[in-house]
Amino acid sequence: MGPLAVLFDIDETLVHTGGSGARSWAWAFEQLHGVAADIGQHTSAGETDPQVGRKTFRGVLGRDASADEMDRLFAAYLSHLADDVWRSDGYRVLDGAEEVLRRIADAGVILGLTPGAM
């Protein structure tokens, strides 16, 4: 049997970002389209970032986004997210996350991240 791997999502699995994702989506929509966008009105928890972007785009702008529009929206979102996480007062590592990661690594299991952006 080959090496085992465990993949984790990040937000709300290992850390809580204090709303950085929602703020970053709102910022991206405002910057690119001049409209307010609340992802909570158009999406559900557990959806991937591409799903969130597409559903919110459709909900806010009333049409599907082109591939180019999604690329620009996603780039703006990720750029803002990188900065917002560092400034977020609500950021914290979730209870038990470090211990679980340490135990899995000590058992020789390969650890990986698969963020919602996938």
Side-chain angles (χ1 to χ4, degrees):
M1 188 171 183
L4 296 175
V6 175
L7 302 176
F8 287 93
D9 182 20
I10 301 169
D11 196 15
E12 298 307 325
T13 303
L14 300 176
V15 300
H16 174 73
T17 64
S20 288
R23 285 191 300 272
S24 296
W25 279 117
W27 182 88
F29 274 96
E30 181 65 38
Q31 291 298 305
L32 296 175
H33 301 285
V35 296
D38 178 355
I39 63 170
Q41 292 179 352
H42 307 285
T43 62
S44 302
E47 292 179 322
T48 65
D49 286 345
Q51 288 172 312
V52 169
R54 282 191 299 275
K55 286 182 174 182
T56 304
F57 192 102
R58 189 177 311 115
V60 171
L61 295 172
R63 64 179 176 83
D64 289 335
S66 69
D68 188 52
E69 287 172 317
M70 281 308 302
D71 289 346
R72 286 194 308 271
L73 182 64
F74 206 59
Y77 159 72
L78 290 175
S79 174
H80 190 269
L81 181 66
D83 292 330
D84 195 274
V85 167
W86 289 108
R87 293 188 311 264
S88 179
D89 291 335
Y91 177 88
R92 65 182 171 82
V93 175
L94 294 176
D95 293 341
E98 291 181 64
E99 179 186 342
V100 167
L101 294 175
R102 213 175 283 111
R103 288 178 62 199
I104 292 171
D106 289 348
V109 176
I110 298 167
L111 297 173
L113 300 176
T114 178
M118 301 312 290

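Only a predicted model underlies this, so the values are computations on that prediction, with no experimental measurement involved.
With sequence neighbours left out, Arg92 forms a salt bridge (charged side-chain N to carboxylate O under 4.0 Å, His left out) with no residue at all. Contacts of Ser79 classified as side chain to side chain contact (heavy atoms under 4.5 Å, CB included), with partners at least two apart in sequence or in another chain: none.
Here the shortest heavy-atom pairing between His16 and Gly90 reads CD2-O, 3.2 Å. Closest approach of Pro50 to Met70, counting heavy atoms only: O-CE, 4.3 Å.
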Donor-acceptor pairs are to be reported for all side-chain atoms of residues 27-36 against protein atoms at under 3.5 Å, with residues two or more places apart or in another chain.
none

Please tabulate, one pair per line, all N/O donor-acceptor pairs under 3.5 Å involving side-chain atoms of residues 51-62, not counting sequence neighbours.
from: Gln51; atom 1: OE1; to: Thr48; atom 2: N; distance (Å): 2.8
from: Gln51; atom 1: OE1; to: Thr48; atom 2: OG1; distance (Å): 3.2
from: Lys55; atom 1: NZ; to: Glu47; atom 2: OE2; distance (Å): 2.3
from: Thr56; atom 1: OG1; to: Val52; atom 2: O; distance (Å): 2.8
from: Arg58; atom 1: NE; to: Asp64; atom 2: OD1; distance (Å): 2.5
from: Arg58; atom 1: NH2; to: Asp64; atom 2: OD1; distance (Å): 3.2

Throw together a table of side-chain donor-acceptor distances under 3.5 angstrom for residues 93-110, partners on residues two or more places apart or in other chains.
none

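Both Leu4 and Val6 are part of a single hydrophobic cluster, where members link through side-chain heavy atoms under 4.5 Å apart.
When atom types are taken as modelled, the side chain of Ser88 and the backbone of Thr17 share a donor-acceptor pair closer than 3.5 angstrom.
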Verdict with reasoning, Leu113 to Leu14, per side-chain contact (heavy atoms from CB on, under 4.5 Å): CA-CA 10 Å; Leu113 300 176; Leu14 300 176; 3.8 Å; yes
Could you walk me through whether Trp25 and Leu73 pass the side-chain contact (heavy atoms from CB on, under 4.5 Å) check? CA-CA 8 Å; Trp25 279 117; Leu73 182 64; 3.8 Å; yes
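Under the salt bridge (Lys or Arg N to Asp or Glu O under 4.0 Å) criterion, the residue pairs touching residues 70-85 are Arg23-Asp84, Asp68-Arg72, Asp84-Arg87, with sequence neighbours excluded.
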